[in-house]
**Q** 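Before I ask anything, here is the structure I am working with.
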Amino acid sequence: MSKSHRGTGIRKEPNHGRGTCAICGAGQIKTLYEQEVDGKKVKVCKFCKAHLKNKARADAKVAKASAPAAAAEAPAAE
């Protein structure tokens, strides 16, 4: 069976969802994902969205690992 409903969302977008990524600057790439960068909502490509998500996950992991160490040092300082 055919899948005639695929891509209907990007058919309604200007230029079928293609444009220039605000982060990597790649041209004529699908920019379907809205991300907040420096307080502004910008459209980014699939690869930059994944990069931002992985970077946030790594930063959260580092912050979580350093939080118990900081909490252990705080009572000793008192």
Side-chain angles (χ1 to χ4, degrees):
M1 283 203 173
S2 67
K3 309 268 195 275
S4 61
H5 62 278
R6 289 188 181 177
T8 55
I10 59 174
R11 285 187 212 139
K12 296 173 185 173
E13 293 284 322
N15 203 16
H16 295 278
R18 293 188 178 267
T20 303
C21 179
I23 295 176
C24 66
Q28 288 303 309
I29 193 166
K30 290 181 189 170
T31 55
L32 303 173
Y33 307 98
E34 284 192 6
Q35 291 289 341
E36 190 168 327
V37 178
D38 297 330
K40 295 181 181 178
K41 286 212 171 210
V42 294
K43 292 234 178 187
V44 297
C45 65
K46 180 179 183 178
F47 306 109
C48 291
K49 180 184 180 236
H51 176 73
L52 290 172
K53 184 177 179 181
N54 289 333
K55 184 178 176 185
R57 185 183 301 166
D59 291 344
K61 188 175 182 180
V62 169
K64 186 178 180 183
S66 65
E73 292 175 9
E78 291 179 6

**Q** Measuring from I23:CD1 to C45:SG, what's the distance to the nearest 0.5 Å?
**A**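 Rounded to the nearest 0.5 Å, the CD1-SG separation comes out at 7.5 Å.
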**Q** In the single-linkage hydrophobic clustering (I, L, V, M, F, W, Y; side-chain heavy atoms under 4.5 Å), do Y33 and V37 co-cluster?
**A**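 Yes.
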**Q** Pick from K46, K43, E13, K49: which one makes a side chain to side chain contact (heavy atoms under 4.5 Å, CB included) with T31?
**A**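 Only one of K46, K43, E13, K49 forms a side chain to side chain contact (heavy atoms under 4.5 Å, CB included) with T31, namely K43.
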**Q** Has the side chain of R18 got a donor or acceptor atom that lies under 3.5 Å from a matching backbone atom of I29?
**A**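 Side chain of R18 to backbone of I29, a donor-acceptor pair under 3.5 Å: no, none is there.
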**Q** Take Q28 and N15 through the test side-chain contact (heavy atoms from CB on, under 4.5 Å) and record every step on the way to the result.
**A** CA-CA 9 Å; Q28 288 303 309; N15 203 16; 3.8 Å; yes
**Q** Does some side-chain heavy atom of K41 sit less than 4.5 Å from a side-chain heavy atom of Q35?
**A**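 They are not in side-chain contact.
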**Q** Could you check whether atom CZ of R6 has more than 12 heavy atoms from other residues, nucleotides or ligands sitting under 6.0 Å from it?
**A** no
**Q** Quick check: is I10 connected to V42 through a chain of hydrophobic side chains (ILVMFWY, heavy atoms under 4.5 Å apart)?
**A**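 Yes, because V42 and I10 connect within a single hydrophobic cluster, where side-chain heavy atoms sit under 4.5 Å apart.
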